[in-house]
Amino acid sequence: MTAALSTADRILDVAESLVRTHGYGYSFADIASELSIRKASIHYHFASKQTLTRAVTARYRVAFAVRTAEVHESGLGPLAQLEKYFGFYRDALRDGDRMCLYGLLAADCVTVPAAVRDEVNAFFADQERWLARLLTAGRRDGVFSFAGSANVEALALLAGLEGGMLMARSRRDVHGFTAVVQRLVANLIR
């Protein structure tokens with residue numbers, strides 16, 4: 001039997017969903033309405049929107065790190081690992097038209113507090129390192145071909161993924177995102 005989620009976990013789930021669909025523009029009132037609780041109940045667990053957003057981002061970052069570690073340890077080759085990684089982003093679009101949590105927070109970088117912005121930058125640094133390791137292994141194995149450093153190529157892939165998500169979401173076209181991903185892969189395996 002599964003234990004019921006704690007109120008704090010339920011708040012985190014709703015806050016994550018709101019950030020992934022609306023960015024930093026969510027409010028405690030939105031969460032309270034969704035959960036049929038009072039805003040004071042949210043403040044009991046999270047003193048401020050910044051505190052709640054940091055908790056959401058930290059949890060998301062750990063979950064994403066677990067997923068990338070599973071892909072890395074899967075025994076799949078570099079191309080299959082990259083395709084699995086791209087699938088994380090595609091699945092988010094298919095799952096309720098949601099964006100990468102960090103992509104939306106990055107878009108709101110002017111309005112998010114510095115502590116949240118630091119978390120956003122740390123997440124992207126994690127992804128850049130993971131992708132650079134994968135790209136380096138793929139180039140060494142003759143699977144990938146690209147000019148320049150793996151770090152710059154990783155940054156370009158991240159930009160392509162996040163930009164592709166934004167375009168697909170604005171057009172309500174997951175197929176457009178798939179086309180972007182196919183192009184990103186094709187550019188690596190020429």
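Within a 6.0 Å radius of NE2 in His45, other residues, nucleotides and ligands contribute more than 12 heavy atoms. Applying the 6.0 Å contact sphere to CZ of Phe88 captures more than 12 heavy atoms from other residues, nucleotides or ligands.
The two residues Glu153 and Ala147 make their nearest non-hydrogen contact at OE1-O, 4.4 Å. Of all the heavy atoms in Arg61 and Ala122, the pair that sits closest is NH1-CB, 3.3 Å. Nearest heavy-atom pair, Leu135 versus Ala154, reported as atom, atom and distance to 0.1 Å: CD1-N, 3.6 Å. Considering all non-hydrogen atoms of both residues, Cys100 and Met165 come closest at N-CE, 3.5 Å.
Under a 3.5 Å cut-off, the side chain of Gln81 and the backbone N or O of Leu76 do form a donor-acceptor pair. Listed for the Arg20 side chain is a donor-acceptor partner under 3.5 Å among the backbone atoms of Met99.
A ring-centre distance under 6.0 Å is not found for Phe46 and Phe28.
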Can you list the steps and then say if Ser74 with Lys84 is a side chain to side chain contact (heavy atoms under 4.5 Å, CB included)? CA-CA 10 Å; Ser74 68; Lys84 282 255 192 217; over 6 Å; no
Under the side chain to side chain contact (heavy atoms under 4.5 Å, CB included) rule, what do Leu104 and Asp108 come out as? Steps first, then yes or no, please. CA-CA 6 Å; Leu104 278 179; Asp108 286 344; 5.5 Å; no
Quick one, Leu158 with Tyr89, criterion side chain to side chain contact (heavy atoms under 4.5 Å, CB included). Give me CA distance, side-chain angles, the key distance, then yes/no. CA-CA 10 Å; Leu158 283 172; Tyr89 291 80; 3.9 Å; yes
Quick one, Met167 with Val180, criterion side chain to side chain contact (heavy atoms under 4.5 Å, CB included). Give me CA distance, side-chain angles, the key distance, then yes/no. CA-CA 10 Å; Met167 295 297 295; Val180 168; over 6 Å; no
Given Glu119 and Tyr102, is the side-chain hydrogen bond (donor to acceptor under 3.5 Å, both in side chains) satisfied, shown in steps? CA-CA 9 Å; Glu119 181 67 27; Tyr102 287 96; 3.2 Å; yes
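Between Leu157 and the choices Val185, Val181, Leu188, the side-chain contact (heavy atoms from CB on, under 4.5 Å) rule is met once, by Leu188. When each of Val56, Val14, Thr21, Thr53 is paired with Tyr26, the side-chain contact (heavy atoms from CB on, under 4.5 Å) condition holds for Thr53 and for no other.
Under a cutoff of 6.0 Å and an axis angle of 45°, Arg90 and Phe177 do not form a cation-pi pair.
Each salt bridge (charged side-chain N to carboxylate O under 4.0 Å, His left out) pair with one or both residues in residues 43-59, not counting sequence neighbours, appears once here: Asp13-Arg59, Glu16-Arg59.
Leu12 has its side chain within reach of Leu52: a pair of non-hydrogen atoms, C-beta onward, lies under 4.5 Å apart.
Using a 30° and 60° split on the angle between ring planes, Phe64 and Phe123 fall in the perpendicular class, above 60°.
Not counting sequence neighbours, Phe124 has no partner by the ring-ring contact (aromatic ring centres under 6.0 Å, His included) test.
Interatomic distance, CD of Gln127 versus CG of Leu155, reported as 12.0 Å (0.5 Å rounding).
In this structure, a donor-acceptor pair under 3.5 Å is present between the side chains of Asp30 and Ser27.
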